[in-house]
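Have a look at the structure below before the remarks.
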Amino acid sequence: MSESIIWYLREFLRTEWIRKFLLAKTDPLVTPPYFKDYPTLTGKECTACYQCMMICPAPGAIAVLRHDDGWRPEIYPGHCIRCGLCVEACPEDVLQSGRVLEAQHRDRTGFRATFHLSIDREICMRCGNCCISCPVGREGEPDGAVLKIEKGGVQILNSDLCTGCKTCEVNCPNRGIRVARVVEGVQEAAA
Amino acid sequence: MKKTVDVSIPIGPMHPCWKEPIRLKCETIGERVLRTEVELGYMKKGIERIMRGRPWQEVMFLAERICGICSVIHNMVFIEAMEGISGIAVPPRAAYLRVVVNELDRMESHILANFSYCYTIEHETLAMYLLNVREIVLDQLERITGSRINTAYMIPGGVRFDITEEDAAALLAGLARVEEDVERYTRMFATSYLIALRSRGVGTMTREKAIEAHAVGPTGRASNVPECDLRLQHPTYQKLGFTPVCRTEGDNFARNMVRFDEVMQSISLIRQCIGQLPEGPIRGGGACTAGEITYQGEAPRGELTYYIKSDEYGRIIDITVRTPSIMNIEACTHHMINDVTSVADVTSTFISSDPCVACTER
Amino acid sequence: MSLLQKLKNRVRSKSIHVCFVDVGSCNGCDIEVLACLAPRYDIEQYGIYVHNNPREADILLVMGAVTPQWVDKLVAIWEKIPEPKAAIAIGNCPISGCVYNRRDSYIDPPAAKHIPIAAQVPGCPPRPTEILAAILSLAPTIFENYEEKKR
Amino acid sequence: MTTYLYEKDLRQMKYNILISTRHDLMVREIADRLGVGPNQVRLAMIRRFDMSLLENLPSRYEQGQKMADAGSRVAKELGCELFSRFIPFVEEERMQALCSEVRDMIDTGLPEEEAITTGKRRIREAILQ
């Protein structure tokens with residue numbers, strides 16, 4: 001027992017403790033610069049390549065929308081989980097968050113992705129939601145579409161145009177269309 | 001089986017001591033607890049069901065959100081399992097950085113567990129001390145990964161961010177502060193008579209019972225089962241030369257002391273890692289492919305098992321997760337709490353096994 | 001406004017009792033609320049007390065996507081809180097269901113379906129400072145002139 | 001005095017636990033071993049065990065396969081310790097009685113196989129009752 005009391009006495013008689021006790025001050029409530037907050041726009045031009053939508057792991061967190069002066073990604077707080085993957089995936093540095101962009105430039109890291117579309121003919125009920133919702137090839141040449149309803153079923157026209165944005169997957173009522181997004185994290189060797 | 005029972009006491013699902021909902025139903029004679037039944041299902045979200053058919057970049061976040069406290073190890077085990085399936089090699093620098101982040105997460109989790117134990121036995125001073133130390137650890141975690149909890153640091157073939165010289169220096173400085181503080185708090189915990197009254201000899205579990213219920217992690221190691229530490233089988237830890245902490249008492253006190261000792265051990269492991277950190281790239285690339293694997297890793301609470309089956313594009317076909325809390329909660333409620341002499345010790349014994357309901361139910 | 005009402009306003013904005021309930025989150029938001037207790041953030045210096053007892057709470061912090069087990073119990077807890085009361089949704093889960101809001105999961109978000117939610121703190125998980133700021137900014141406005149508003 | 005407030009029917013949730021991949025494998029193995037349908041085993045489990053034990057069953061079963069009944073072939077065949085200590089279907093005293101009964105049968109001259117078959121049937125009855 002005596003050891004314990006002496007221990008506590010010694011604990012409370014340390015100069016550091018006394019100083020802290022008398023001059024107690026809560027740490028300032030600052031957000032450190034390295035915190036990955038919601039992605040913000042850097043002001044660079046978005047080319048609507050949908051890489052951010054492709055990699056986003058949370059449902060409904062990001063959408064690339066068309067405004068009067070061009071395309072712009074929109075982040076929805078309440079859905080966004082602040083993982084920072086969209087910042088890393090964006091090839092044009094449109095978004096930034098914390099130190100992610102800085103670290104990416106420093107380490108020359110990035111993601112490389114390939115996409116594979118597959119349609120389950122047995123489940124597909126040919127509603128055409130996927131073709132209508134697909135954001136690729138909206139204007140311009142009519143051949144620039146990824147999907148098309150033809151011969152009584154969905155046909156994949158140009159699978160190399162697919163950006164993996166999974167809009168078709170989300171809009172498909174019965175999971176007939178699937179986009180496999182094979183992503184790998186890569187790093188260029190230091191020059 | 002019929003037993004003469006005086007009162008049946010339900011504890012939970014909402015209880016001041018418990019941060020997560022779980023319901024214990026204790027059957028008591030006087031104050032002595034005869035047996036306990038557990039009612040789960042308050043956190044069942046069906047994560048394994050929604051994981052199916054998704055690629056790694058989505059499942060990684062779901063795996064992380066199985067448990068918010070030990071999120072890094074869920075991330076690490078899932079990613080290493082995917083690497084095992086696809087045969088992706090990890091650059092040595094990334095492997096060491098993974099260990100650094102994993103050990104920081106382990107420290108954070110252990111300190112939180114000891115905080116809740118001290119809070120439950122109403123030793124609020126020590127509890128608040130520990131919670132403040134945890135903030136320093138979280139700062140270091142945030143410095144490296146960019147977020148405090150749910151860090152999403154590891155990806156197949158490497159890690160997401162490199163560590164700079166300044167970050168490493170700040171990390172070591174933070175660790176020095178943590179070490180100094182935790183050493184004092186360990187001494188406070190070990191020598192305090194009030195804590196000893198509530199902890200020593202309460203909720204004991206023998207080695208046989210621990211093996212029978214497959215208790216893992218600090219709960220198992222406090223009952224003298226040192227071989228349950230799976231870090232012994234991890235290649236990077238083997239390089240670092242690692243011996244598990246072990247105690248023989250098997251009571252609440254031992255479980256908390258094991259966690260304190262492991263925090264100190266983690267600090268030395270991180271120092272070793274930073275000291276030996278090799279130069280080189282942090283990402284090696286490599287796509288996930290088809291395969292099947294059962295992979296295990298050591299979470300802060302014990303052994304974590306992922307069984308994964310994937311298709312040719314790296315999408316998950318089948319996945320089963322076995323988290324350490326399943327074993328520990330079961331061991332706790334059916335072996336430790338039985339014959340606890342007072343109902344007040346039920347909560348403290350339960351908390352001492354570091355239960356994580358979100359893990360258990362997923 | 002009567003003097004009594006002024007006094008009540010003042011007292012209510014300086015003494016807020018908080019109860020938190022986890023209705024199926026991943027624990028991340030839980031421990032961030034706990035971290036608010038730490039001397040670093042020191043939630044009690046603002047007069048916020050965490051009791052975890054709905055009978056004496058003013059503000060209910062709801063964390064987690066609502067699991068089927070909680071659908072009835074969350075309402076029961078909400079009804080136990082004495083007036084004036086408010087509920088704050090902490091984290092993405094009670095707002096949108098976060099990453100769990102997908103086909104095949106057992107959850108039933110948002111929490112606003114079950115009880116009235118006064119404010120939302122998005123983030124997965126939100127920082128303790130964000131939680132603190134939300135409670136501090138909400139409490140005075142929602143409890144101001146409560147008796148007069150009720151009439 | 002042994003009733004609780006807010007009691008709820010947990011069978012659906014217990015069933016949800018039992019249909020996950022690992023549990024399903026284990027249930028089928030036990031069912032094969034006992035020679036009954038998997039649903040009967042599930043029913044016995046749901047009736048007897050609480051939820052945390054159900055969650056933990058696969059690891060207990062694995063531990064049981066590794067550790068239980070080492071040494072004695074008869075006990076291994078019957079699953080004496082496996083079905084009483086590791087997976088507590090039957091109380092330990094009752095299991096002891098059943099096992100010693102089988103040993104007595106063997107001692108009195110009954111062929112081993114036959115005795116084990118009888119013992120298995122008794123254990124199955126004890127589990128399913």
Take atom CZ of A/Phe21 as the centre, draw a 6.0 Å sphere, and report whether it contains more than 12 heavy atoms from other residues, nucleotides or ligands. no

C/Glu83, CD atom: more than 12 neighbouring heavy atoms under 6.0 Å: yes

With a 4.5 Å heavy-atom cut-off (strictly below), which parts of residues 36-47 of chain A touch chain C? List them by number. A/Tyr38

Apply side chain to side chain contact (heavy atoms under 4.5 Å, CB included) to A/Glu102 and list each qualifying residue two or more places apart in sequence or on a separate chain. A/Arg99

Flag if over 12 foreign heavy atoms under 6.0 Å of CZ, A/Arg106: yes

Closest-packed option against chain C by number of heavy-atom pairs under 4.5 Å, given A/Gly78, A/Cys83, A/Ala58: A/Gly78

I need the minimum non-hydrogen distance between A/His79 and C/Ser96, along with the two atoms involved. CE1-CB, 3.3 Å

Indicate the atoms forming the closest heavy-atom contact of C/Gly123 with A/Arg82, along with that distance. CA-NH2, 3.5 Å

Closest-packed option against chain C by number of heavy-atom pairs under 4.5 Å, given A/Cys80, A/Ala61, A/Gly60: A/Cys80

Part of A/Pro57 within contact of chain C (heavy atom distance under 4.5 Å): backbone

Chain A contact via C/Pro125 - side chain, backbone, both or neither, heavy atoms under 4.5 Å: backbone

Should the heavy atoms of other residues, nucleotides or ligands under 6.0 Å from CZ of A/Arg112 be counted, would the total exceed 12? no

Is the NZ atom of C/Lys14 crowded by more than 12 outside heavy atoms at less than 6.0 Å? no

Measure C/Arg127 against the heavy atoms of chain A and call it side chain, backbone, both or neither at under 4.5 Å. both

